[in-house]
Amino acid sequence: MSQATLRVQKISGHAGSVPGEDTQREYTVCKLIDTTTCIGCKACEVACMEWNDLPFGETVFGNSYQTMPETRWNYWNLILFNEHVREEDGSLMWLMRKNQCMHCAEPGCLAACPADGAIIQYTNGIVDFQQANCIGCGYCITGCPFDIPKMNPKNNRVFKCTLCTDRVSEGLEPACIKSCPTGCLHFGSKEDMLDLAGKRAKQLRDHSNFPHAGVYDPPGVGGTGVIYVLHDASKPEIYGGLPRDPHVPWTVKLWKGPLKWLGNVAMVGGLIGLFVHYLRFGPKAREDEDINPGGAKS
Amino acid sequence: MTNGWVDIKNTDMMLIMGGNPAENHPCGFKWAIEAKRIRNAKMIVVDPRFTRTASVADHFCQLRAGTDIAFLGGLIRYALENDRIAKDYLLNYTNAAFIVRDGFKLPEDEGVFSGFDATKSSYDRSSWNYAGALPPPGPSPAAKPGQPPASPALPPMPERIEHDLTLQNPNCVYQLLKKHYSRYTPEMVERVTGVPKEQFLKAADLFTSIRKDGDIRKAATIIYAVGWTQHASGTQTIRTAAMLQLLMGNIGRAGGGVNALRGHSNIQGATDMAGIFDNLPGYLKVPVPADGDFAGWLKRITPKTAKPAQWDSFNYWSNTPKFAVSFLKAMYGDAATKQNDWAFDYLPKVDRNYSWVQLWDNMYNGVVKGMLAFGMNGVAIGPDTKKNINALKKADWLVVGEIYPDETSEFWRSPGITPDEMKQIQTTVYRLPCAGFAEKDGSFTNSARWLQWKSAALPMPGDCRLDQAIVAQIFLKIRDLYKKDGGKFPDPILKLTWNYTDPSNPSLAEVLKEINGKTFVDAEDPATKVQLKAGQQVPGFAWLKDDGSTSCGNWIYSGSYTEAGNLTMRRDAGDPSGLGIHQNWAWSWPANRRVLYNRASCDLNGKPWDSSRRQVWWNDAQQKWVGNDVPDFKADSKPADHMGPFIMNPEGVGRIFAPLGALADGPFPTHYEPTESPVENLLHPKQTHNPIAKVFKSPDDSYGSVKDGYTVVCTTYRLTEHYHYWTKNNPMNVQLVPEPFIEIAAEMADEMGIRGGETLRVTSARGHYIAKAMVTKRIKAMMIDGKKIYQIGIPIHWGYRGIAEDEGKTAKTPANSLSPSVIDPNAYTPEFKGFLVEVEKA
């Protein structure tokens, strides 16, 4: 993909128009994660660390093979492990889901962000944090239905998976994709990945005793740049708490939507009202009571 | 592997047992995933716990550690009962129809085969032989002065083996097989292994389904690793799998085979080059004192053809003299002459067992005075860490070549050693800085037998030296000392060929050339008319001679570095057949064949059983075998001649019955309990344990039983995130899995009131291990013959030195403090898995 795909589609907290706003998306990238063939080897975790020069940190035993409880400002990609007992027959499943930013088409983080240019969405679907413009308010954390953005307490900047914009802009696949040894991770256009995912889900339904196998591409956020094949798409929550119906929180929608408009109206209206009042009633007149309430002249 | 990594993608059915490839071979495992995705192949996993591999399997059975033969025996019985076998294959390519001679007895209730001498705990295996005329026994070899009397040699196999193609003779292998495994009913499998009957039957039905209704086209593979080998029953477990695969006609087939997943990236290379006491490179058998002389040695180790009269057998090992002489020429060059029997006297004669556990026992008893340990952490490896530490205390010197300080080089200050004790230790310890894997070149041989050359990616830091440089410099110094001071027998040292450009740092490319071999005289191949000039590299082992005109360091590697160059460097990914053969990527032994015994992939007429996976076939026009893979067969042997596909057996057929000395403890595998077992042997209670497995007995070797309080079965294993005892020094791996842990069943935790993260103390008769509990649903309680038994699992990757250890975050107990010094009687592998422990809160 050429540099041209990194045209910007949306900018957080931005006054005025955005160049790529109404551009017809020719090619949106998509990462396909097939949880049914993931073996939790963590090559992708390490590849992300190494590509992005993230420092190794401390971890502690957490009664699980999971490296740490959740992603961190400096650990953007984490396999979540869950030992799940199937209701159908009591058999055990050890579910492993690669957890990272979902690169939503309608990103809640971007909607919530008040800082101009701190979060941008490219026409290829990648949602990227620009830490230089980040004011550290943390509203993106509230806005994200997947609980992904994490703040660095030292400098109050928020970080997350970049879908390797630097690699993608040079025509390379993201580091995690490249490192996956079993080929459970795929990368390409949304259309191609949806097709591949659909075929895999059908194969599982037809051949592998997973009647509810399906593709996770949640409409509540307009679809995502990262999609999953799940053994059981009717129960996304068993995959380390994957939200069933993620969407931008109504509080953010309200606040950045009608409330923002109302707020603007209220603010501008208030200023106008002030001016009109002055015109009509003039400045406040002085009265004896004001000068010398119940007392001698000063 | 009989097959290969990429070949796994061709399979229809995978049985993964005694191995956890998703965990420990994630890159190779992609081919198993590929088979699932592209061919809808099914995967069955059988393991003491629900592993990462089980998480992507179609069916999982939890089995008690050490009971794999019972499970596999159950599969053999199921296949026979339900006629899910490859009939033609069985009749013609295996010894199923061969008749076993009178006098042979199955273990049945006794639990031992015919010929067992209880007083000596040894077998006279002469009854484990085929029926047929035998030559009269020759005179017993005379004892040589100063040496123990030679044991009477085993009789040979009959030259003409009697057979019954109707398979009705009660003494034919097929009937004996049926009789032997008739005891391994689904009920028995459940009682012994703990796998519930229905789950076992589901696995058996699924695995054997490829042969339903006489279908021969599909192929199943059996994949295993050290979950099978690390038991006293290891070799026989693998044998059972091989028999099952022969029964089902899966050997030699694309997507079939018996496939060992090796551990270390070059362990296959180490095995091929005989980093082991009882082999010479290329699996030639070492000489023993009883051989007497060169002729005696060759006579013993060169098998004579033995087969049914009407069949043909290539018996490729009949070429042993060519390989042996060429090897001796490679070792001793001009000093090896016809007159001195090719310097046969320079080879050490192996008079007893010098295997791993024996070595440490020898050091413990003061026999071994010093050790050179290269990239080998003997203390952490165990078994019985404490014994190994105590052994080192008695040694005079220890040299450790490593890339970081390890438990072995730090044995003298291992936890528990007081300052006073330390003062008593007289061992001089040298620690040499060696190169890491990315700093070395050379060929690595992978599980698929591919020799792949790699280049050094980084320069060595500081004062590090390459392994070969260190060994060379030690050798040169020893040679100088022998030259100067003489000695008892200097010739083997003085006459050893060492013609490298830089003798003190031999180039591995030069060594590979030496291993490939060359001819000393002009030569011509009578069939192809290809000519070689004196001094040229031989194109392969077919050129080796027993007249001293060729040299070859390892006959199975011959062909890897020819006049065409270093073929192990080739990287052509082309694969026209789509079978993952990749003929021009690197070089595989033998002769660049990718799937062994591939003639068996065709029917009696030379036509592939499955036309969609054509590996080799008989070309009638050219009157030879051709194919996408190199035929593993005599190229011009017509199908009508009925030559057996298993050319490395003297009979030419696959051995369902392993005759005479092939195995130490039985021609058929039978289930024996691990040395420390919670139950008696339900198959034959009179003989619970393997009657000839060696159980070491020193003051530091103790064994526990249920009545001593050791009621929990323990197994040890590896994680994806760590590699043995190395990565505890690497921040990246330590971040992924920071602390040692013990996996225990959620049920067991509930019973004992243990929560995840609580520190536990695990004790065996040999030592203790302390780490945090990982409470999991992936291990369940088991019902073993009506008794509730728990299993726990311990990843091995920690010791008393490392990032977490040095920060005081662990208890500094090595996992192998627990394991016992018991070894497999065939391969001498220790029983690292399946011993008894006690578990309590620390």
Side-chain angles (χ1 to χ4, degrees), chain A residues 34-47 49-50 54-68 72 74-75 78-79 81-86 89-96 179-186 196 199-200 203-204 206-210 229 231, chain B residues 20-34 36-38 40-43 50-56 58-60 62 199 719-721 730-741 743 746 749 755-759 771-778 780 803-804 807 809:
Chain A
D34 183 357
T35 63
T36 70
T37 53
C38 175
I39 53 175
C41 74
K42 305 182 187 174
C44 57
E45 289 185 19
V46 176
M49 295 281 283
E50 303 207 318
L54 297 168
F56 299 124
E58 262 200 42
T59 49
V60 292
F61 178 78
N63 201 49
S64 162
Y65 277 46
Q66 199 165 305
T67 307
M68 54 184 71
R72 296 178 178 171
N74 57 359
Y75 208 88
L78 180 67
I79 308 281
F81 291 75
N82 182 24
E83 297 174 7
H84 170 74
V85 178
R86 278 184 98 176
D89 58 3
S91 65
L92 182 67
M93 293 175 78
W94 198 9
L95 302 171
M96 297 163 199
S179 72
C180 177
T182 55
C184 120
L185 299 179
H186 301 263
L196 203 59
K199 290 200 172 89
R200 175 63 184 151
Q203 182 185 33
L204 288 162
D206 293 344
H207 294 277
S208 296
N209 194 27
F210 289 119
V229 172
H231 319 73
Chain B
N20 186 2
E23 186 90 45
N24 299 309
H25 301 83
C27 295
F29 192 67
K30 73 151 92 34
W31 300 112
I33 298 283
E34 189 84 344
K36 286 184 112 230
R37 268 217 305 256
I38 308 298
N40 282 317
K42 293 287 176 277
M43 184 190 292
F50 190 100
T51 58
R52 271 171 158 124
T53 311
S55 75
V56 293
D58 295 283
H59 185 55
F60 167 73
Q62 181 180 316
Q199 276 187 33
L719 301 171
T720 309
E721 296 90 337
N730 191 21
M732 181 267 278
N733 306 82
V734 172
Q735 171 167 41
L736 295 179
V737 179
E739 297 175 64
F741 55 87
E743 296 193 293
R755 309 191 47 198
E758 255 188 82
T759 307
K772 290 184 178 163
M774 181 180 289
V775 176
T776 174
K777 296 179 192 137
R778 288 172 288 105
K780 296 198 181 341
I803 291 175
E807 285 173 12
K809 289 184 177 160

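First the proteins, then the strands, lettered A, B, ... as listed; each starts at 1.
- Using a 4.5 Å cut-off between heavy atoms, B:Lys42 contacts chain A through its side chain alone, with no backbone atom that close.
- Heavy atoms of A:Thr36 lying under 4.5 Å from chain B belong exclusively to its backbone.
- Scored by the ring pair (Phe, Tyr, Trp, His ring centres under 6.0 Å) test, A:His231 finds A:Phe210, A:Tyr239 as partners (sequence neighbours excluded).
- In this structure, OG1 in B:Thr759 is found 9.5 Å from CZ in A:Phe61, a value given to the nearest 0.5 Å.
- How far OG1 of B:Thr776 is from CG of A:Leu92: 7.5 Å, rounded to the nearest 0.5 Å.
- Side-chain contact between B:Lys777 and A:Val85 is present, with at least one heavy-atom pair separated by less than 4.5 Å.
- Counting heavy atoms from C-beta on, the side chains of A:Glu83 and B:Phe50 never come closer than 4.5 Å.
- At distances below 3.5 Å, not a single donor-acceptor pair connects side-chain atoms of B:Gln735 with backbone N or O atoms of A:Glu58.
- Taking OG of B:Ser55 as the start and CE of A:Met96 as the end, the distance is 3.5 Å to the nearest 0.5 Å.
- Between the CD atom in B:Glu34 and the OG1 atom in A:Thr182 there is a gap of 10.0 Å [rounded to 0.5 Å].
- Residue B:Arg52 holds its CZ atom at 5.5 Å from CH2 of A:Trp94, rounded to the nearest 0.5 Å.
- From B:Lys36, atom NZ reaches atom OG1 of A:Thr37 across 8.5 Å, with rounding to the nearest 0.5 Å.
- Side-chain contact check for B:Glu743 versus A:Tyr65: some heavy-atom pair is nearer than 4.5 Å.
- In this structure, chain A has no heavy atom under 4.5 Å from any part of B:Ala54.
- Using a 4.5 Å cut-off between heavy atoms, B:Thr53 makes no contact with chain A at all.
- The part of A:Phe81 that comes within reach of chain B is its side chain, from C-beta onward, which places non-hydrogen atoms under 4.5 angstrom from that chain.
- The candidate from B:Glu23, B:Lys809, B:Lys780, B:Lys30 with the greatest count of non-hydrogen atom pairs under 4.5 Å with chain A is B:Lys30.
- When side chains are defined from C-beta on, B:Met732 does not count as touching A:Met49, because their heavy atoms never get closer than 4.5 Å.
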Hey, mind stepping through A:Cys184 and B:Ile33 against side chain to side chain contact (heavy atoms under 4.5 Å, CB included) and telling me if it holds?
CA-CA 9 Å; A:Cys184 120; B:Ile33 298 283; over 6 Å; no

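- At least one side-chain heavy atom of B:Asn40 sits under 4.5 Å from a side-chain heavy atom of A:Gln203.
- With a 4.5 angstrom heavy-atom cutoff, A:Cys38 touches chain B only via backbone atoms.
- Heavy atoms of B:Leu736 lying under 4.5 Å from chain A belong to its backbone as well as its side chain.
- A:Ser64 touches chain B through its backbone: at least one of N, CA, C or O sits under 4.5 Å from a heavy atom, while the side chain does not.
- For A:Val60, the parts lying near chain B are the backbone and the side chain together; criterion is any non-hydrogen pair under 4.5 Å.
- Of the atoms belonging to B:Arg755, not a single heavy atom falls under 4.5 Å from chain A.
- Of the residues considered (A:His207, A:Lys199, A:Met93), A:His207 shows the highest number of contacts with chain B, using heavy-atom pairs under 4.5 Å.
- A side-chain donor-acceptor contact under 3.5 Å links A:Asn63 to the backbone of B:Val775.
- Minimum heavy-atom separation, A:Pro181 to B:Pro26: CB-O, 3.6 Å.
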